[in-house]
2 protein chains.
Amino acid sequence: MTGARGYHHGDLRRVLLTAAVVAIEESGPAALSLRDLARRAGVSHAAPAHHFGDKPGLLTALAVEGFDLLAAALQTGDSLLEMGVAYVDFAVRRRAHFEVMYRPDLYRVDAPEVVAARGRSRAVLRSAVADLPPGPGAVGGVAGDALAAWSIVHGFATLWNAGALPDEAGDDPRAAARVVIRRLFGSRVDARGRAAPPARSPRTPA
Amino acid sequence: MTGARGYHHGDLRRVLLTAAVVAIEESGPAALSLRDLARRAGVSHAAPAHHFGDKPGLLTALAVEGFDLLAAALQTGDSLLEMGVAYVDFAVRRRAHFEVMYRPDLYRVDAPEVVAARGRSRAVLRSAVADLPPGPGAVGGVAGDALAAWSIVHGFATLWNAGALPDEAGDDPRAAARVVIRRLFGSRVDARGRAAPPARSPRTPA
DNA sequence: CGGCATATCTTGTCAATGGCAAGATATGCT
DNA sequence: AGCATATCTTGCCATTGACAAGATATGCCG
């Protein structure tokens, strides 16, 4: 672990991953080139292969990191509303990770590390929705609430990142997300659900 | 316009576009290869370039077609609920088009034909939302309603296509979408808005 | 300290791709 | 008939992903 640039780079794996984030933010995941990453890191064109095997391998590592970062980001919001805002905020600020995570044709979605990390982030969302006081039109129960919440927040984030939203949406994704989420859940969503009701939530997220 | 396979193919442009749809459905838009399309169409590897210039050019044409198909599909539903279901249905059945449409790094989003076609599909959604009876928690007015509706429907469709939804979502995207949409708008959404109120909607989409 | 197994990185190579240029062939217009 | 143009082909080059073989550093064990 020298960190210097001898024959052994020191922390090439990490350097390549952050270089990938930069490159994806510049030109999207489709245009990602392993050789370009190697150039940015100052190593030979075949060095990345040792750490990640191939391109899907690198993006798999990036997706795993993304799901873990997402789980951590979601933990910070204590109400479902704030958790939704955190989801959108994650998608916008860690755009490269987010774009890869939901593009199954780019990496190995079934890799065990991916399944585990995705499960972790999903558990966080689930526990927050489970603590939500039941609303009037609760057709599908908790699963329906979770699906609706996830959908609206994911859709908003995706459309925002794609630049598909008209100008009226403003330039603050967090504020705009807040309005949209409140429209789904009304004021139910402001309750600090995850702490207030003593019973109802059997799963504490690890 | 012979349709036969002489030197002139007859309808190569259309053949290439549908071949692209097939290829994208098989392996995703990232793996799309112009040369592979040419092979499928039985022409030389440089033939596609004449019709579309380059790869982004081909995907631009596909996106335009997609936005027009989407606008047409949305017209069929007469309530906002059914329009949302139609959106999801479009995303699932015309998956290749849909995946390209919201991937700005793959094609020329600012091409005038794209802007026009996207505007057409957006107008259809807008007119339906405008006719919706105002609900209780209407914070942002019509624009907020439209944003929320579009977000939830787009997010659901995207997650469905990405295979990100857990099994509880079932195997019928239309039914699951219906549940989710109703959770956003309640019973307001069942009103046959676009026909009932005589005023309010000045734009008849072409 | 010496020596070997291993991890890490490099160099060299190959097939496939996107894109360009130049040429061949069909079509339409007058 | 004859020319302009649209359509398609062949040939070429730089870049890329992937693999193989070799070079160099690191750790381990005596």
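Worth saying up front: this structure is predicted, and the values here are computed from it rather than measured.
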For atom CG of B:Leu16 and atom P of C:dG18, their distance in whole Å: 13 Å

B:His50 side chain near D:dT7 phosphate (N/O to OP1/OP2, under 4.0 Å): yes

Which of the following nucleotides, C:dT10, C:dG19, D:dC8, is nearest to the side chain of A:Ser44? C:dT10

May I have the distance from A:Asp36 (atom CG) to C:dT17 (atom P), rounded to whole angstrom? 21 Å

Hey, which of B:Val15, B:Leu16, B:Val22, B:Thr18 is the one that makes side-chain contact (heavy atoms from CB on, under 4.5 Å) with B:Arg40? B:Val22

Are B:Ser33 and C:dG18 close enough that a side-chain N or O sits under 4.0 Å from OP1 or OP2? yes

Heavy-atom nearest nucleotide on DNA chain C for A:Arg35 versus A:Ala47: which residue maps closer to 5'? A:Ala47

Given 3.5 Å as the limit, does a donor-acceptor pair link the side chain of A:Asn161 with the main chain of A:Ala91, or not? yes

Between A:Arg39 and D:dT15, is there a contact of a side-chain N or O with OP1 or OP2 at under 4.0 Å? no

Distance in angstrom units between B:Leu59 CG and C:dG18 P, rounded: 11 Å

Rounding to an integer number of Å, can you tell me how far A:Lys55 NZ sits from C:dT17 P? 13 Å

How many Å lie between CG on A:Leu34 and C1' on C:dC9, as a whole number? 15 Å

Options C:dA21, C:dT10, C:dG19, nucleotide nearest the side-chain atoms of A:Val43: C:dT10

Is atom CZ of A:Arg94 surrounded by more than 12 heavy atoms (other residues, nucleotides or ligands) closer than 6.0 Å? no

How close or far is atom C1' of D:dT7 from atom CZ of B:Phe52, stated in whole angstroms? 13 Å

Considering just the side-chain nitrogens and oxygens of B:His45, establish if one lies under 4.0 Å of OP1 or OP2 belonging to C:dG19. no

Please report, rounded to the nearest Å, how far the P atom of C:dG18 is from the CG atom of B:Leu106. 13 Å

Please compare A:Ala49 and B:His51 by the position of their nearest nucleotide in DNA chain D and report the one closer to 5'. B:His51

Step through the shown structure and confirm whether more than 12 heavy atoms of other residues, nucleotides or ligands are within 6.0 Å of CZ on B:Arg93. no

Roughly, in whole Å, what's the span from CG in A:Leu58 to P in D:dT16? 15 Å

Within the supplied structure, the quantity of interest is the number of heavy atoms (other residues, nucleotides, ligands) at a distance under 6.0 Å from B:Asp171 CG; does it exceed 12? no

